**Student:** 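Mind having a look at this structure? Questions to follow.
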Protein chains: 2
Amino acid sequence: MLYKLYYWPGIQGRGEYVRLALEQAGARYVDLALVPEQQGGGAAAVGQLLGDRQVAHPPFAVPCLAAGRQLIGQTANILLFLGGRHGLAPANEGGRLWTHQLQLTISDFILEIHDTHHPLGGALYYQQQKAAAKRRSREFLRHRLPKFLDYFERVLARNGARGPWLVGSRLTYVDLSLAQVIAGLRYAFPKASARALRSRPRLRALQQAAFGRPRIRRYLASGRRVAFNNDDIFRRYPELDSAG
Amino acid sequence: MLYKLYYWPGIQGRGEYVRLALEQAGARYVDLALVPEQQGGGAAAVGQLLGDRQVAHPPFAVPCLAAGRQLIGQTANILLFLGGRHGLAPANEGGRLWTHQLQLTISDFILEIHDTHHPLGGALYYQQQKAAAKRRSREFLRHRLPKFLDYFERVLARNGARGPWLVGSRLTYVDLSLAQVIAGLRYAFPKASARALRSRPRLRALQQAAFGRPRIRRYLASGRRVAFNNDDIFRRYPELDSAG
């Protein structure tokens, strides 16, 4: 099975969670963001997909994964699908739902991180909502960041199995997603996240273990991974960061 | 199977999407929000669940559904589980993922609706963020509301099967959820939603058909359903509404 991943070029965005799972699975896939427009890739491919009147199951947004004739949208839904196919989630129903539940909580976390720089809406520039972004970021760093981090640290502590993972004793797609969030937080809020991670050793260990897996290390060093940048979900605006 | 639903009393909130599915399924369940605290229900039951150190799979938030020894969190995840068990979603994998994809898009929609009155964070009162709420609501009504409504109207148009539903020819849990969102929008933004729904006949028909199902009608008239109110996700602040 050759997958096709539809996502915007130039950013990691939500596509990155899918990429990390595909890389860890060793799956064959075409990342259309890396294909030139003249060869059917790039932003034009996304625009064409979103405007296609022939698609039976139209997506609201990307990422989307084409798997044969199936077209799957919504990041967590794509990971649910890939997790089952590639052994990146438990095989039993209870474990599968628990893994997915954690991924949905990560989705909520990511959206709150995004909204620190765009609290008033995505159609306005950051400069048009900078004052509101400062207030929202202060609230986020004070209340929400510790709440989410404490939660995942607690999930790690409560996992009775050996190893650094969130679910059982084997790596699942949520470990990759949470590692990516931690990397993003370190980029966006270097001061606040250094301080927050000091007292959460399990999160640090998880991040290191997930990004230390051979296939993930190869991907990170491949040149295919887009660097963090300020058009993305995680943005470094020093005025929003704080050592607390 | 007797389910137990954990959710905050006094609001519909995200619990309502689970309730509508349970009602349509004719499932036996205890809604702990309606049980007095002295009898183990109410807000105390939620607090106890969220603080319980014995729970193997701790939830980040409610709603949570207890199904025997399984505890399932995240609204869309609960619906994924119930849909499979009670025939409220297609039985095949492709249909199941498509239904779930739509539910996740509804989750995104609900969060954006919530954030119209709380753009700066849930720890601040509405009165502390009223100016920002006005700007965010204007953006929402101008860009996001039409985008989401157009999307679901398009999904309805593209469903080749007979009937008013989003997926195939039978009602699924996403029909109930979208009907609830439309009811909520009518409460929160009476002017803007009347205007927006005028040109989306399929959404109006879906809402009427879903809330016209006998079991749902009985539930709506039962006195068990909490009324819309301004502590909830959908809030009526006239200063945020606009006929456009």
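Owing to the predicted nature of the structure, the values given are computational and were not obtained by experimental measurement. Labels below follow one simple rule: chain letters A, B, ... track the order of the sequence lines, proteins then strands, and each chain is numbered from 1.
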**Student:** Looking at A/Ala123, A/Ala67, A/Gly84, which one has more heavy-atom pairs under 4.5 Å with chain B than the rest?
**Tutor:**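 If we count pairs closer than 4.5 Å to chain B, A/Ala123 comes out on top.
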
**Student:** If the plane angle is over 60° it's perpendicular, under 30° parallel, otherwise tilted; pick one for B/Tyr151 and A/Phe60.
**Tutor:**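 Perpendicular.
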
**Student:** Is chain A contacted by the side chain of B/Asn159, its backbone, both, or neither, given a heavy-atom distance below 4.5 Å?
**Tutor:**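 Contact with chain A involves no heavy atom of B/Asn159 at all.
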
**Student:** Where do A/Thr105 and B/Gln74 come nearest, in terms of heavy atoms and distance?
**Tutor:**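 Result for this residue pair: OG1-NE2, 3.0 Å.
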
**Student:** Can you give me the closest heavy-atom contact between A/Arg158 and B/Pro58, atom names plus distance?
**Tutor:**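 Heavy-atom minimum between the residues: NH1-CB, 3.8 Å.
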
**Student:** Less than 4.5 Å to any heavy atom of chain A: does that hold for the side chain of B/Ile78, its backbone, both, or neither?
**Tutor:**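 For B/Ile78, no heavy atom lies under 4.5 Å from chain A.
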
**Student:** Which atoms of B/Gln70 come close to chain A, meaning under 4.5 Å heavy atom to heavy atom: side chain ones, backbone ones, both, or neither?
**Tutor:**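 Contact with chain A is through the side chain of B/Gln70 alone.
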
**Student:** Can you tell which part of A/Phe152 gets under 4.5 Å to a heavy atom of chain B, answering side chain, backbone, both or neither?
**Tutor:**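 Answer is neither: A/Phe152 stays 4.5 Å or more from chain B.
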
**Student:** Specify the closest pair of heavy atoms between B/Leu97 and A/Asn77, including all atoms of both residues, with the distance to one decimal.
**Tutor:**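 B/Leu97 and A/Asn77 have their closest heavy atoms at O-ND2, 3.1 Å.
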
**Student:** Going by residue number, which parts of residues 111-118 of chain B are within reach of chain A, meaning a heavy-atom gap below 4.5 Å?
**Tutor:**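 B/Leu111, B/Asp115, B/His118 fall under the 4.5 Å cut-off.
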
**Student:** Do B/Leu104 and A/Leu104 touch side chain to side chain, with heavy atoms closer than 4.5 Å?
**Tutor:**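 The answer is yes, as the side chains (C-beta and beyond) meet within the 4.5 Å cut-off.
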
**Student:** Name the option with the most non-hydrogen atom pairs under 4.5 Å to chain B; the candidates are A/Gly73, A/Ser107, A/Gly121.
**Tutor:**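 Going by pairs under 4.5 Å, I would pick A/Gly73.
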
**Student:** How close do A/Leu71 and B/Gln101 get, counting heavy atoms only, and between which atoms?
**Tutor:**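 Smallest heavy-atom distance, with atoms named: O-OE1, 4.2 Å.
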
**Student:** Heavy-atom distance under 4.5 Å to chain A: side chain of B/Arg96, backbone, both or neither?
**Tutor:**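 Side chain only.
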
**Student:** Where on B/Val167 is there a heavy atom nearer than 4.5 Å to chain A: the side chain, the backbone, both, or neither?
**Tutor:**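 For B/Val167, no heavy atom lies under 4.5 Å from chain A.
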
**Student:** Looking only at heavy atoms and a cut-off of under 4.5 Å, which of B/Arg154, B/Arg53, B/His57 has the most pairs with chain A?
**Tutor:**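 Most heavy-atom pairs within the cutoff with chain A belong to B/His57.
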
**Student:** Taking non-hydrogen atoms and a cut-off under 4.5 angstrom, which of residues 126-147 of chain B neighbour chain A?
**Tutor:**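 Within residues 126-147 of chain B, the residues that come under 4.5 Å of chain A (heavy atoms only) are B/Gln128, B/Ala132, B/Arg135, B/Arg136, B/Glu139, B/His143, B/Arg144, B/Lys147.
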
**Student:** If you count heavy-atom pairs under 4.5 Å between each of A/Pro59, A/Ala76, A/Gly160 and chain B, which one has the most?
**Tutor:**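 Among A/Pro59, A/Ala76, A/Gly160, the one with the most close pairs to chain B is A/Pro59.
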
**Student:** Taking B/Leu120, B/Val55, B/Leu102, B/Leu124 one by one, which has the highest count of heavy-atom pairs under 4.5 Å against chain A?
**Tutor:**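 With the most close heavy-atom pairs to chain A, the winner is B/Leu120.
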
**Student:** So for atom CZ, which belongs to B/Arg195, do other residues, nucleotides or ligands contribute more than 12 heavy atoms lying within a distance under 6.0 Å?
**Tutor:**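 Atom CZ in B/Arg195 is not packed in, count stays at 12 or less.
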
**Student:** Using a 6.0 Å cut-off, check whether atom CZ of B/Arg170 has over 12 heavy atoms from anything other than its own residue.
**Tutor:**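 No, because the 6.0 Å sphere around CZ of B/Arg170 holds 12 heavy atoms or fewer from other groups.
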
